[in-house]
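Bear in mind that the values here come from a model prediction, so they are computed numbers and not experimental data.
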Protein chains: 2
Amino acid sequence: MPGSPDVHRLTRDDRRQRSEAAILAAARQQFADAGFERTTIRGVASAAGVDPALVMQHFGSKEALFAAATRMPDEPVWGPGTSAADVPRLAIEEVLDRFEDEEGRDTALALARNCLTHPSATTAVRDDVMCDRISTMAGVIGGDDAELRAAVLNACLMGVTIARYLLELPPLASASREDVTRLLEPALAALVTAPDAD
Amino acid sequence: MPGSPDVHRLTRDDRRQRSEAAILAAARQQFADAGFERTTIRGVASAAGVDPALVMQHFGSKEALFAAATRMPDEPVWGPGTSAADVPRLAIEEVLDRFEDEEGRDTALALARNCLTHPSATTAVRDDVMCDRISTMAGVIGGDDAELRAAVLNACLMGVTIARYLLELPPLASASREDVTRLLEPALAALVTAPDAD
DNA sequence: CCTCATGGTCAACGGCTGTTGAGTCACACG
DNA sequence: CGTGTGACTCAACAGCCGTTGACCATGAGG
């Protein structure tokens, strides 16, 4: 299934890496579309044009394949000059970039699709993505309830992401990126500006 | 497994309804905890103290059992005197009520847990819950982008719900209901008040 | 050119699942 | 007191899944 027709002119290592990449791409797509339980090793292998046993030889188990397919690259860290007022816009841009990037999009979708039903995806989203984002964000916005405010902000962002890219809720899925940002930014801004007194 | 020890003193119809209720309760709990794919008919039957075949006789299929276990009661409709300013608080209260009500809580959790991976749960959440809420809410808040604003509002609310009750994100899961409402309400308020001009 | 390591395939196993049809037992009814 | 209806159980089937071990072919190394 790999593109180049003269596959035989490739070194063994290249062939191996090509197979692995094809399997990984097919796995990401199916994990993202159908979820962990409904994607089968046989289905992934068939989409990648290889034998099911090869998938096992490369990744060891379906669990390990899922872990490899959903490993997220580190996010860019915010510069030291970031102020609380910048947080909403930056957070929105980061998330939309993640889910609209042609390459790497399926990784995020595969992780998100399974975050409610697959134990290791739940842990990855809760501990590796959300908690990290929340603690660094809380450090920037400061004030009382900083952690809780950051948590609510990220939860809202996650909800919009899920509705737009996973549920495909009509008004949100078809809205332009600019409209989403324009409406969401003031709402999240209300979360970072502490009201001091009631 | 039903409580009363003198089960033999019950009419046949009562026994039947008791079995059905026990199966439904066990199914809701397992669908909510483990998701559709990881719950088995055998497991539900065992938790309900009945034979697996009885589950089939009552509900016909696993799919039908899931549909019966996740059927949500209608939401209370908003009175005609509801103003846009009331929308955020009302929406928050409704959702928190749904997920904290002792009885009926598992129904909402079972539906939410599977809304990303089970086709009919996806449809139910998107079309039967979210779309209805959005259109009635859009009618109340009015203005430009009313539908989109309502969609973003409900998406945020859904995100907080997922983070709090499903992911159990530490700062949100352990926060008090009052704190969540206090922080979330102004953020959602920013979504219903149109900024008229840019 | 010979040889071995290695990427890749094939066929099969064991286990678990949803589902079914025959059979059992107690209760309601005439 | 028969008798049949309906709730309930038992055992089994068929299919799909992840996983494995034996096997093949081909390219690298001497």
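- At a cut-off of 3.5 angstrom, the base of dG18(C) holds at least one donor-acceptor pair with the side chain of R42(B).
- Sorted pairs that involve residues 116-125 of chain A and meet salt bridge (charged side-chain N to carboxylate O under 4.0 Å, His left out), not counting sequence neighbours, are lacking altogether.
- Across residues 52-59 of chain A, A53(A), M56(A) each have a non-hydrogen atom less than 4.0 Å from an atom of DNA chain D (numbered order).
- For R113(B), the side chain to side chain donor-acceptor pair (under 3.5 Å) test picks out no residue, with sequence neighbours left out.
- Each of G60(A) and D51(B) was matched to the nucleotide of DNA chain D holding its nearest heavy atom; the match closer to the 5' end belongs to D51(B).
- Scored by the side chain to side chain donor-acceptor pair (under 3.5 Å) test, D128(A) finds no partners at all (sequence neighbours excluded).
- Heavy-atom distances under 4.0 Å link DNA chain D to no residue of residues 27-38 of chain A.
- Judged as a salt bridge (Lys or Arg N to Asp or Glu O under 4.0 Å), and not counting sequence neighbours, the contacts of R133(A) are E75(A), E94(A).
- Applying the ring pair (Phe, Tyr, Trp, His ring centres under 6.0 Å) rule to F59(B) yields no partners; only residues at least two apart in sequence or on another chain are considered.
- When each of K62(B) and R12(B) is assigned the nucleotide of DNA chain C with its nearest heavy atom, K62(B) is the one assigned upstream, toward the 5' end.
- Evaluation of the side chain to side chain donor-acceptor pair (under 3.5 Å) rule for D86(A) yields S83(A) as partners, not counting sequence neighbours.
- Under the rule for a side chain to side chain donor-acceptor pair (under 3.5 Å), the partners of R38(A) that lie at least two apart in sequence or sit in another chain are E37(B).
- Under a 4.0 Å N-O distance rule, the pair R182(B)/D179(B) qualifies as a salt bridge.
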